[in-house]
Amino acid sequence: MAQTTTSTARQNAVTAITGWQSIGPRVNFRDTPIGDVFGINVFSDSVMRERLSDKVYKAIRATIRKGEPLNPDVADEVAKAMKDWAIEKGATHFTHWFLPMTGLSAEKHDSFLTPGENGEALIEFSGKELIRGEPDASSFPSGGIRATFEARGYTAWDPTSPAFILENPNGTTLCIPTAFCSWTGEALDKKTPLLRSMDAVSKQALRVLKLFGSDATRVAPSCGPEQEYFLIDRNFYFSRPDLLNAGRTLFGSKPPKGQEMEDHYFGAIPERVLACMLETELELYKLGVPVKTRHNEVAPSQYEFAPYFENANVSTDHNMLVMETLKRVSTRYGLQLLLHEKPFAGVNGSGKHLNWSLADDHGNNMLKPGDTPHENAQFLVFLVAVIRAVYKYAELLRVSIATAANDHRLGANEAPPAIISVFLGEMLTDIVEQIEAGAAKSTKKGGTMTIGADVLPPLPRDPGDRNRTSPFAFTGNKFEFRAVGSSQSIGGPNVVLNTIVAESLDYIATELEKTGKSGEALNPEIQKLLQAIIKECKPVLFNGDGYSEDWHKEAAKRGLPNRKTTIDSVPDLIAKKSIELFTKYGVFTERELHSRYEILLENYKKTINIEANLTLQIAQRQILPAALRYQAQVAQSIANVKAAGIAAPKAEESLLKELNDTISTLYNACTKLGHVIDHPADGDAFAHAKYSHATIIPAMNAVREPADKLETLVADDLWPLPTYQEMLFIK
């Protein structure tokens, strides 16, 4: 029997893909309209209104809308109603669904079934079980908060994020969103600090609103995270050890065609991918996730989902469900979801644009300019508060999106630079400049544009264009934080945004309260305060090209921080300034901040270590053997020509020399990489992470360079790894 080579496996993958047959229609929105399925698997407001007593329903609503503490006495009634509803939908188990510091969701399933005294089956779910769970906390990242032998941790029901049913072909599970903390009460998750930060920004925003005569009782951040991702065929995925284990390709030469023709962006969605999207949307609709937009992204095989705005806490949970549902559904179509920020070198990576705003419990958006924003004092106060927050704490926004994966993307052609600046657009920039000069007296209008075809009417035009190079841009009635990585939870960036804006609102409220004025009498004081803030914080405002070298030089002159890598950024998390900020508003304790610092460094080190070992393994076990086989073929060809009494062509000898030199370079690079892996740095977590960045990554890059060159030299039928050309373009 002939031995099956890796290259044969690669060719088999291509054959399997090109012979792929549709699995037939699984979704039909003609028979099942969207409105009939949206939220059917959510313990929603309408379900609670129907199944709970009026007293308990009002208590739950007060918690959700106003942040009032929930009386534990109502838990038993809620638990019974939730259990009955879930069982009617086929649930056999419940789980406290939480977001540990792994960046993923976690769950431990418990059955509703309890054996009775006489051997009968009892279906039980108590208020105590609803309110608190007890998963093992010792095996989750804690950054030193918990020792390995200290196992006790608690999950605490979050009534502000609705419970939901997760479907499986063999049954369903009731999922209850919860916070996760240690036995000592310290946060081990992303939800707990998020809820704390939401309370902080609400409290300070209400102080400002009170000065304007508002009777609002709650202000909540709202979010709409745009999710970018890649889908490739699973046959390719399983043929690439780097994708399988690291989520990104560690090798791969540039294909003849990438994204330079700009023909993929907003192009027709491939039929197989669109079918996957439709089924994903159906599953998300059932979970109450308001997916709005889908389209092709810039890079080949790259796509995007975008939702409507929701409460930041619910939006964070829903974005995790988007990622999990995409991963689960894509496998049904033979596709593999790639959420890594840079799975393929040389083409755009994936981000998660976090659209963020503030809204009160009357439905008013604090960042809505209105038709004449120069006259909208309340809007200007909140706008300037955000500008001040970004200026004062830009380094914290940077550390909130700092990962080894995102380092590959930030500053590249498709992503904003690591310098955090604010884009306002022409209209608001003009108003801000007027305030700085003395007073805002006018608002620029966009007017209309005539396209030139008789059948097309004049179109209204915004007063300014958008800026895709800005990491933090105002986009109409919200800010868009564009630097968030595609695989990240939006919980971390949300926590930072909420907290730094809370601090700015606190500062503004305190200064205005000192005047003892309110209403229109406060306008001159507002003008003076905003003028002073703008003069101080205007270096962070930038409407130009964030990719240009001139901006990097200009940003340095302005004193803006430029944390190019995670290693540059992570120390900011435990700086005195950060500790004072987060502890003041009760978002993190100093110990919780240090734990996250340790977790970030540990994750960074482990990520690089995994990639380094994979790089060495693939180079030594797949690429070098393929190159040596081809080298032998070329050498044998030359020998055969010489044996026939013919002078060997210089082209073949040149090829053999180039192969020899490149193979030697690759071998030597592998030897060096193996050495740096086996001799890690001494010292603390930061020393290890810094060593990974400064020593291991360059050694990995030194292996990749000759390996990618060999891909362009070695015969195609011998090359073992699916190529970029195949993975990105064969659907």
Side-chain angles (χ1 to χ4, degrees), residues 45 58 61-69 160 194-224 309-315 355-389 428 431-432 435 439-440 443 474 476-479 494 497-534 584-587:
D45 182 78
K58 287 180 178 178
R61 291 306 301 163
T63 296
I64 294 171
R65 290 187 174 182
K66 300 179 181 180
E68 294 181 5
T160 64
L194 175 58
L195 293 173
R196 294 171 180 169
S197 71
M198 291 173 67
D199 287 341
V201 76
S202 178
K203 179 179 179 181
Q204 303 308 325
L206 288 175
R207 290 175 61 199
V208 172
L209 290 180
K210 184 178 179 181
L211 294 169
F212 286 97
S214 171
D215 62 352
T217 59
R218 182 78 175 171
V219 173
S222 55
C223 299
F309 269 59
E310 298 180 282
N311 170 283
N313 180 37
V314 175
S315 180
N355 296 285
W356 180 93
S357 189
L358 290 170
D360 66 19
D361 52 358
H362 298 314
N364 301 309
N365 183 350
M366 304 298 100
L367 292 176
K368 185 176 181 179
D371 294 331
T372 55
H374 71 283
E375 298 175 334
N376 190 341
Q378 180 177 295
F379 161 73
L380 292 174
V381 165
F382 278 90
L383 176 74
V384 172
V386 176
I387 293 171
R388 180 183 177 279
L428 290 184
I431 291 174
V432 165
I435 294 173
T443 296
F474 188 81
N477 60 357
K478 62 188 185 302
F479 278 96
N494 256 316
L497 263 173
N498 297 341
T499 309
I500 64 177
V501 172
E503 190 276 336
S504 271
L505 292 172
D506 183 3
Y507 171 79
I508 289 173
T510 300
E511 293 300 308
L512 294 179
E513 287 166 353
K514 289 177 183 177
T515 68
K517 300 177 182 178
S518 62
E520 291 187 6
L522 197 58
N523 285 342
E525 306 299 331
I526 291 174
Q527 167 61 35
K528 286 192 294 185
L529 179 59
L530 296 189
Q531 184 181 40
I533 293 173
I534 290 168
K584 177 179 179 180
Y585 296 100
V587 176

Are any of the side-chain heavy atoms of [X] and [Y] separated by less than 4.5 Å?
X: Val381; Y: Leu211; answer: no
X: Leu512; Y: Ile526; answer: yes
X: Asp361; Y: Arg65; answer: no
X: Leu383; Y: Phe479; answer: yes
X: Phe474; Y: Ile387; answer: no
X: Val314; Y: Thr160; answer: no

Side-chain ([X]) to main-chain ([Y]) donor-acceptor, under 3.5 angstrom:
X: Asn365; Y: Asn477; answer: yes
X: Gln527; Y: Ile435; answer: yes
X: Asn498; Y: Val201; answer: no
X: Ser504; Y: Ala389; answer: yes

Look up atom [atom1] in [X] and atom [atom2] in [Y], then write down how far apart they are to the nearest 0.5 Å.
X: Leu209; Y: Thr217; atom1: CG; atom2: OG1; value: 10.5 Å
X: Leu206; Y: Asp360; atom1: CG; atom2: CG; value: 8.5 Å
X: Leu529; Y: Leu522; atom1: CG; atom2: CG; value: 9.0 Å
X: Met366; Y: Asn364; atom1: CE; atom2: CG; value: 5.0 Å
X: Lys528; Y: Glu511; atom1: NZ; atom2: CD; value: 11.0 Å

Point to revise | Gln204/Glu503 under side chain to side chain contact (heavy atoms under 4.5 Å, CB included): CA gap, chis, key distance, verdict | key: CA-CA 8 Å; Gln204 303 308 325; Glu503 190 276 336; over 6 Å; no

Measure across [X] and [Y] and return the closest heavy-atom pair with its distance rounded to 0.1 Å.
X: Gly224; Y: Ser315; answer: N-OG, 4.4 Å
X: Ala385; Y: Ile508; answer: CB-CD1, 3.7 Å
X: Cys223; Y: Trp356; answer: SG-CD1, 4.0 Å
X: Arg196; Y: Gly586; answer: CD-O, 3.2 Å
X: Asp45; Y: Arg61; answer: OD1-CD, 2.9 Å
X: Ala502; Y: Tyr585; answer: O-OH, 4.2 Å

Check your understanding: Side chains of Thr510 and Asp506: is there a donor and an acceptor less than 3.5 Å apart?
Key -> yes

Practice item. Would you check, one step at a time, whether the test side chain to side chain contact (heavy atoms under 4.5 Å, CB included) holds for Ile64 with Asn311? Key: CA-CA 10 Å; Ile64 294 171; Asn311 170 283; over 6 Å; no

**Study point:** Leu505/Val501 under side chain to side chain contact (heavy atoms under 4.5 Å, CB included): CA gap, chis, key distance, verdict
**Key:** CA-CA 6 Å; Leu505 292 172; Val501 172; 3.9 Å; yes

Point to revise | side chain to side chain contact (heavy atoms under 4.5 Å, CB included) evaluation trace for Asn376 with Lys368 | key: CA-CA 9 Å; Asn376 190 341; Lys368 185 176 181 179; over 6 Å; no

